[in-house]
Amino acid sequence: MSAAEDVVTEAPAVEAVPKRAMTLGTGTSLLVLAVLLIVPMFVKNFIIFQMTMLLIYGLAVLALNILTGGSGQFSLGQSAFYAVGAYTSAVLMEYFNVNYALTIPVSAAVCFAFGYLFGKPALRLSGVYLALATFALATAMPQLLKLNFLEHWTGGVQGLVVTKPDAPFGLPMSQDTWLYYFSLAVVLAIYIFSVNLLRSRSGRAFMAIRDNEIAASSMGVNVALYKTLAFGVSAGITGVAGSLGAIAVQFVAPDSYTITLAISLFLGMVVGGVGWLPGSFVGAAFIIFVPNMAEGISKGLSGAVFGVLLFAVIYLVPHGARQIAIMGQQLVGRLRKN
Amino acid sequence: MELFTNQVLAGIATGAIYACMALAVVMIYQAIDHLNFAQGEMAMFSTFISWQLMQWGIPYWAAFVITLALSFVGGIAIERILFKPLAKAPVLTNVAGFIALFAIINSSAGLIWDFTIKQYPTPFGSSPFLGSQLISTHQAGMIGVTVLLLLGLYFFFQYTKIGLAMRAAASVPESARLVGINTSWMIALGWGMASAIGAIAGMLIAPVVFLEPNMMGGVLIYGFAAAVLGGLTSPFGAVVGGFLVGVFENLAGTYIPGVGNELKLPIALALIISVLVVKPAGLFGRQIVKRV
């Protein structure tokens with residue numbers, strides 16, 4: 001009938017991978033992790049900053065991936081959760097002098113509650129209707145942050161400036177580098193959590209709901225509970241990304257969290273491959289670097305160049321980076337056989 | 001009471017814009033089962049073409065007809081070239097395609113006609129309609145055109161062979177193919193018609209919001225909301241939805257304190273969502289029965 005319902009039925013099932021391929025995957029992950037750990041020691045601060053943003057957007061895309069790829073619910077409202085996370089951290093740090101690291105679990109909890117509560121009425125909606133509801137949330141959020149009676153806390157249109165934390169224990173590294181490693185640790189922890197979540201009983205319940213709601217409920221899955229839970233978890237993770245983003249950018253303002261952000265995150269998910277968690281970071285790279293590249297190719301036509309590049313990607317690999325990964329895996333498998 | 005009537009009238013006048021757009025949205029949804037995010041940009045581009053034709057000295061109605069024809073062909077071309085290859089791709093990939101199309105059209109229009117705001121003529125004049133200060137003749141004309149369009153579509157879908165074939169292709173593609181309907185071309189036809197209806201909407205809206213590449217952003221959101229409220233399966237519902245959204249929005253802005261212009265949209269959307277929670281298929285939509 002509609003967009004997300006088709007997702008529910010058509011979302012590519014996670015393929016069973018042979019044991020050897022698993023080790024290939026693990027090997028690649030470890031290699032990527034090593035690169036992520038070592039590279040910042042040799043590059044400029046600006047590149048480190050961009051890598052931090054890559055991790056943060058990757059985390060936000062990952063959160064959407066759990067919601068859409070995992071439980072089959074479509075959301076255009078991720079920017080709202082991101083904004084709530086960012087503002088929670090900013091307000092706690094600036095008005096209550098809370099340590100930045102402590103604000104992160106707080107935003108996770110606040111956003112989880114927010115997402116869980118939002119998921120309740122959203123239960124009645126699916127497909128385009130859910131898309132519209134989440135879209136409404138995304139358009140409302142910047143306006144809500146500008147409201148007069150919140151202005152005392154949010155700083156209204158002007159936003160809030162956030163102080164960047166120094167490296168602790170007198171470690172000899174710049175603020176950017178420290179923040180990078182801090183984000184990397186948080187992202188890694190959440191990544192491992194998410195992978196395990198999707199492999200757990202709850203994760204299987206999400207996927208059962210995605211593939212067939214009626215069948216899932218007849219097997220005893222509490223559909224309402226797991227659907228709202230998926231919203232909560234996704235919002236919580238997005239909130240953490242928002243917090244890290246606020247600390248990294250050192251600034252929060254209502255107009256940084258418009259629907260454009262939600263659309264970018266959505267594009268990131270599609271480019272990375274729906275339902276494939278490592279793809280989230282590939283998608284994040286796409287939404288951070290490709291617009292810049294497009295601007296570099298042609299200033300006046302940057303939007304058109306971006307659109308053409310996006311078309312090129314979805315023509316070549318309609319299933320996103322995941323498709324490339326699967327092709328790579330098969331290639332390696334064939335090479336090994338020879 | 002007078003304030004109330006006036007606000008309702010003003011709401012109906014803006015609602016006509018949304019109704020027009022919603023009609024285009026429903027058309028394409030019928031044909032391809034997706035919401036086309038680039039619909040507003042396509043309409044904007046058509047409107048710019050008509051503006052350009054008028055700049056070259058072609059009279060309004062001639063430009064109108066030429067633009068409709070070009071938009072129809074353009075819509076079919078977009079489907080054939082860009083979206084037919086994606087027919088088998090996942091739904092979310094298609095949505096990404098719409099976003100890409102949005103970016104391409106918006107940016108090209110900006111490059112060709114730049115981002116300055118342009119006046120756009122109206123064929124109906126802009127004097128007060130029947131002595132009312134709230135509805136101008138243009139807005140009355142717009143309501144008239146929307147209603148005519150709706151009637152035309154109704155007859156097309158109910159009483160012509162092609163209309164019947166399009167309905168069949170949209171609701172049960174496989175069976176439609178078995179009785180010899182070329183479903184692939186029906187989809188292209190749906191794109192063409194949606195594009196032409198969008199062009200009409202754009203040309204009617206442009207005198208009100210002025211012509212510029214971003215003119216459709218806000219309108220499309222309301223158009224979607226109207227279409228979803230009325231039920232995506234019903235063109236009649238889309239038009240009613242359009243008027244309702246216009247009236248909602250105006251009344252919320254007038255009667256709820258502290259709302260003002262900025263919160264109008266979120267409140268209208270929140271209201272629509274509350275309606276949907278009670279009636280998930282929209283006010284006039286067909287309840288879809290799913291096979292288990």
Side-chain angles (χ1 to χ4, degrees), chain A residues 1-7 10-12 68-69 74 121-126 128-129 131-133 135-137 139-144 146-149 212 214-215 259 263 266-267 269-271 274 294 298 300-315 317-320, chain B residues 29 33-35 37-38 82 85-86 88-97 99-111 114 213 217 221 224-225 227-229 232-233 258 260-274 276-282 288-290 292:
Chain A
M1 164 197 158
S2 50
E5 233 160 280
D6 285 332
V7 178
E10 285 178 17
T68 307
F74 184 52
L123 272 178
R124 294 270 294 157
L125 307 171
S126 63
V128 277
Y129 302 100
L132 183 77
F135 176 85
L137 185 68
T139 49
M141 191 47 77
Q143 308 296 353
L144 293 177
K146 285 181 202 162
L147 281 184
N148 276 336
F149 67 93
N212 192 330
I214 298 167
I259 183 72
I263 291 176
F266 166 76
L267 289 180
M269 177 179 70
V270 172
V271 169
V274 179
S298 157
L301 272 177
S302 62
V305 174
F306 177 72
V308 170
L309 289 174
L310 186 56
F311 260 121
V313 169
I314 60 182
Y315 274 149
V317 276
H319 294 278
Chain B
Y29 186 79
D33 246 12
H34 298 313
L35 282 181
F37 289 99
L82 293 179
L86 286 179
K88 288 212 166 65
V91 182
L92 294 179
T93 307
N94 270 291
V95 176
I99 297 172
L101 183 62
F102 180 104
I104 293 175
I105 298 181
N106 187 290
S107 149
S108 326
L111 190 79
D114 73 51
I221 294 170
F224 276 150
V228 171
L229 177 66
L232 278 166
T233 44
N261 259 333
E262 300 212 304
L263 273 182
K264 262 182 175 179
L265 172 64
I267 288 193
L269 288 173
L271 208 53
I272 291 159
I273 290 159
S274 355
L276 286 179
V277 167
V278 182
K279 241 180 127 23
I288 305 257
V289 182
K290 263 185 297 182
V292 183

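Because only heavy atoms are used, hydrogens play no part in the values below, and waters and symmetry mates are left out as well, while side chains stay in. Labels below follow one simple rule: chain letters A, B, ... track the order of the sequence lines, proteins then strands, and each chain is numbered from 1.
For the ring pair (Phe, Tyr, Trp, His ring centres under 6.0 Å) test, residues two or more places apart in sequence or in another chain that qualify with A/F266 are A/F74. Scored by the side chain to side chain donor-acceptor pair (under 3.5 Å) test, B/N94 finds no partners at all (sequence neighbours excluded).
With chain A as partner, the option from B/P85, B/A96, B/A225, B/G110 having the largest number of non-hydrogen pairs under 4.5 angstrom is B/A96.
Contact check for B/V95 versus A/V270: no side-chain heavy atoms found under the 4.5 Å cut-off.
Neither the backbone nor the side chain of B/I105 comes within contact range of chain A, judged by heavy atoms closer than 4.5 Å. Contacts between A/M141 and chain B at a heavy-atom distance below 4.5 Å are absent for every atom of the residue.
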- Message: For A/Y315 and B/L82: C-alpha separation, side-chain torsions, deciding distance, then whether side-chain contact (heavy atoms from CB on, under 4.5 Å) applies.
- Response: CA-CA 9 Å; A/Y315 274 149; B/L82 293 179; 3.7 Å; yes
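For the atom pair CD1 (B/I99) and CG (A/L267), the distance works out to 4.5 Å, reported to the nearest 0.5 Å.
At distances below 3.5 Å, not a single donor-acceptor pair connects side-chain atoms of B/T93 with backbone N or O atoms of A/I314.
Listed here is the closest heavy atom pair of B/S107 and A/A304: OG-N, 3.0 Å. Contact between B/G97 and A/F311 at its shortest, heavy atoms only, is O-CZ, 3.5 Å. Contact detail for A/G303 and B/A103: the closest heavy-atom pair is O-CB, 3.4 Å. Shortest non-hydrogen contact noted between A/V274 and B/L92 is CG2-CD1, 3.8 Å.
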